[in-house]
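Just the heavy atoms: all of them, side chains too, but no hydrogens, waters or symmetry mates, feed the values below.
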2 protein chains.
Amino acid sequence: MRAVFASKDGFFNRSVASPVIRSNDVKVTVDATSINPHDIKAMTQLSDNNEVVYGYDVVGHISAIGNAVKHFNVGQRVIYSGTDKRQGSFAEEQVVDEKLIAKVDDHFSDIQLAGIPLVGLTAYELLFEQMNFIASKNANTGKKLLVINGAGGVGSILTQLAHWSGLIVFATASPNHFQGLLRNKVDTVVDYHKALRPQLNTFVDGTAILSNLDDYFDAAVQLTLPHGIIGTTVSSKEGIQFSKLFEKSLTLASEMVFTKANTHFRDETQGQILKFLINLMTLGEIKPVISKVISGGITAKNLSHAANILSTSHAAGKIIILNRPCK
Amino acid sequence: MRAVFASKDGFFNRSVASPVIRSNDVKVTVDATSINPHDIKAMTQLSDNNEVVYGYDVVGHISAIGNAVKHFNVGQRVIYSGTDKRQGSFAEEQVVDEKLIAKVDDHFSDIQLAGIPLVGLTAYELLFEQMNFIASKNANTGKKLLVINGAGGVGSILTQLAHWSGLIVFATASPNHFQGLLRNKVDTVVDYHKALRPQLNTFVDGTAILSNLDDYFDAAVQLTLPHGIIGTTVSSKEGIQFSKLFEKSLTLASEMVFTKANTHFRDETQGQILKFLINLMTLGEIKPVISKVISGGITAKNLSHAANILSTSHAAGKIIILNRPCK
């Protein structure tokens, strides 16, 4: 099969054997994928001669199942994010543990679905598992959430999920993204170029930091209510000053979407969360945010193009790559 | 009235005016108090000419009430921890906001009650508010907690509360404290001189770090289950490496007992928690752990003596100072 490898010098096409299926795996023909900041960041950290197939968003069809697979059959359409410990989705075919995947019907297109898994799982887990908000419609009414970087992939879904769950949502972005933020159910847009405090004019129960933890840690400490929670998907380069949390008895929660799959801890919940998200999409409560669709196949050329857009344009929403060869 | 001031050189007695009562305050005649590591640590950080009355444990009697006080009357016996922003309990009299206090009857002696407030509030808030375990009998059955430093004041109450709530409790200490730990409902005692992992032979849902965060942070990351929580009452001197949390998507929760009073955030819950703890004591579910009683009054001499014991002997449990003058 064709796979697109990443090296420190960029993407390149290569023909490789179809991946080997284990007893709990399904094999999937990838219909569409998406590129994430994770892929680009990991690529820059590759050493010489290190070549990896990235890609952690899939909508596809099952072509084979392992002998212990219980809940899926050949021919079914599925979505998933997977794990960064196995070959990613920048390939014609991929194998994935059945616990991590969810069935989807034909209600939504490949374009609508391909960008959901990684950002949807991250946003759900951060908000409803790590930050302890309640995953039920209007269950958090009266509470307030600040999102640092509301315009990115995770932010775009997280603000919609937060709104659905009843939270009043404040989110930072550049003013050119304000219209998009409002469409994604942000109540108060906050210009990240200016001081945050006067723009909020309130304190929040929780702050989700989706980029630049080092830059925004102090602001989060300042703006979060006592006994509140700061949740983050991004790590600190400099090492944060944990002592600052004590004055307000704050909590700091980390979210890494591959934890469950990599540690085999509650990994079946990822399939369940994807099902839950698809249901919310069907009900019209959340919508995928797509900035660009690239057709013509999952190729080195198309992935380089997508990576360039993601790196340089501060794109709001997802870049989808359809696995249809050029005609 | 007599008050015991702390300076960088030690404690000294001084006569001062009785503290001024505000509308939401009660004035309390201090019958007994206790000394905490907090007091000693704060004392070492005093600058020249800086003199403070510490003390954050009281059992006493109300001698006057402010004009807005709703729930208390003159003559009632109460306990509380208070706030480090006002004069502490190392004095004949003290004023405190009524939200922070709880009534007690004569079922327990001054000795039994005087050491409860600060460690009880800290243990309750850490376990049931910050670490999200459920504050109900046997509600956390099947879950596991590791306590770093189970023998100290907070540890002594925390392990009992954890056991009552259904947790399986592992706690570190020096072997000479193992009998005390077992009396305080620790299931598995862990020698802190040796590697922790082989002694536990399991992973835990949460780790409470009650001393030496810098020394035990890595062990807590290793021993806590994915998506688990590390709670701590102690800050880091060196600045912890937050990036280590991401592999398991761990959460780090801080607990500082004065947060509520100092920020006026849910401060009424402190009176409620003290009531709850007294009720658990009455039911025999938790017991105060007292290592030493000093009678003869809250004086500079007695407090110096208590501080010396606390600093040098690794005392398990509380040192109580009774406010009865020498005969």
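Of all heavy-atom pairs between Ala171(A) and Gly150(A), the closest is CB-CA, 4.1 Å. For the pair Leu100(B) and Ala261(B), the tightest heavy-atom approach, listed with the atom from each and the gap, is CD1-CB, 3.8 Å.
In this structure the side chain of Leu252(A) never reaches within 4.5 angstrom of the side chain of Leu245(B), judged on heavy atoms. The side-chain heavy atoms of Phe133(B) and Leu145(B), taken from C-beta on, include a pair separated by under 4.5 Å. Ile148(A) places none of its side-chain heavy atoms less than 4.5 Å from the side chain of Leu210(A).
Residue Leu213(A) touches chain B through its side chain alone, counting heavy-atom pairs closer than 4.5 Å. Contact annotation for Phe265(B): only side-chain heavy atoms (C-beta onward) come within less than 4.5 Å of a heavy atom of chain A. Proximity to chain A (any heavy atom under 4.5 Å) is shown, for Ile230(B), by neither the backbone nor the side chain.
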Across chain A and chain B, going purely by atom type as modelled, what donor-acceptor pairs are there at a distance under 3.5 Å?
| unit_1 | atom_1 | unit_2 | atom_2 | d |
| --- | --- | --- | --- | --- |
| Gln130(B) | OE1 | His227(A) | ND1 | 3.1 |
| Gln130(B) | NE2 | Ser249(A) | O | 2.7 |
| His227(B) | ND1 | Gln130(A) | OE1 | 3.0 |
| Leu245(B) | O | Ser254(A) | OG | 3.4 |
| Phe246(B) | O | Thr259(A) | OG1 | 3.4 |
| Glu247(B) | O | Thr259(A) | OG1 | 3.2 |
| Ser249(B) | N | Thr259(A) | OG1 | 3.4 |
| Ser249(B) | O | Gln130(A) | NE2 | 2.7 |
| Ser249(B) | OG | Met256(A) | N | 2.8 |
| Ser249(B) | OG | Met256(A) | O | 3.1 |
| Ser249(B) | OG | Thr259(A) | OG1 | 2.7 |
| Leu250(B) | N | Ser254(A) | OG | 3.1 |
| Leu250(B) | O | Ser254(A) | N | 3.1 |
| Leu250(B) | O | Ser254(A) | OG | 2.7 |
| Leu252(B) | N | Leu252(A) | O | 2.7 |
| Leu252(B) | O | Leu252(A) | N | 2.7 |
| Ser254(B) | N | Leu250(A) | O | 3.1 |
| Ser254(B) | OG | Leu245(A) | O | 3.4 |
| Ser254(B) | OG | Leu250(A) | N | 3.1 |
| Ser254(B) | OG | Leu250(A) | O | 2.7 |
| Met256(B) | N | Ser249(A) | OG | 2.8 |
| Met256(B) | O | Ser249(A) | OG | 3.1 |
| Thr259(B) | OG1 | Phe246(A) | O | 3.4 |
| Thr259(B) | OG1 | Glu247(A) | O | 3.2 |
| Thr259(B) | OG1 | Ser249(A) | N | 3.4 |
| Thr259(B) | OG1 | Ser249(A) | OG | 2.7 |

>> Using side-chain contact (heavy atoms from CB on, under 4.5 Å), reason through Val257(B) and Val119(B) one step at a time and then give a plain yes or no.
In response: CA-CA 9 Å; Val257(B) 71; Val119(B) 297; over 6 Å; no
> When you look at Leu161(B) and Phe128(B), which way does the side-chain contact (heavy atoms from CB on, under 4.5 Å) test go after all the steps?
Replying inline: CA-CA 9 Å; Leu161(B) 282 174; Phe128(B) 299 132; 4.3 Å; yes
>> I'd like to know whether Val58(A) forms a side-chain contact (heavy atoms from CB on, under 4.5 Å) with Val96(A), so could you lay out the CA-CA distance, the side-chain angles of the two residues, the decisive distance to 0.1 Å, and finally the verdict.
In response: CA-CA 11 Å; Val58(A) 172; Val96(A) 60; over 6 Å; no
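For the options Ile229(A), Leu126(A), Val234(A), heavy-atom pairs under 4.5 Å to chain B are most numerous at Val234(A).
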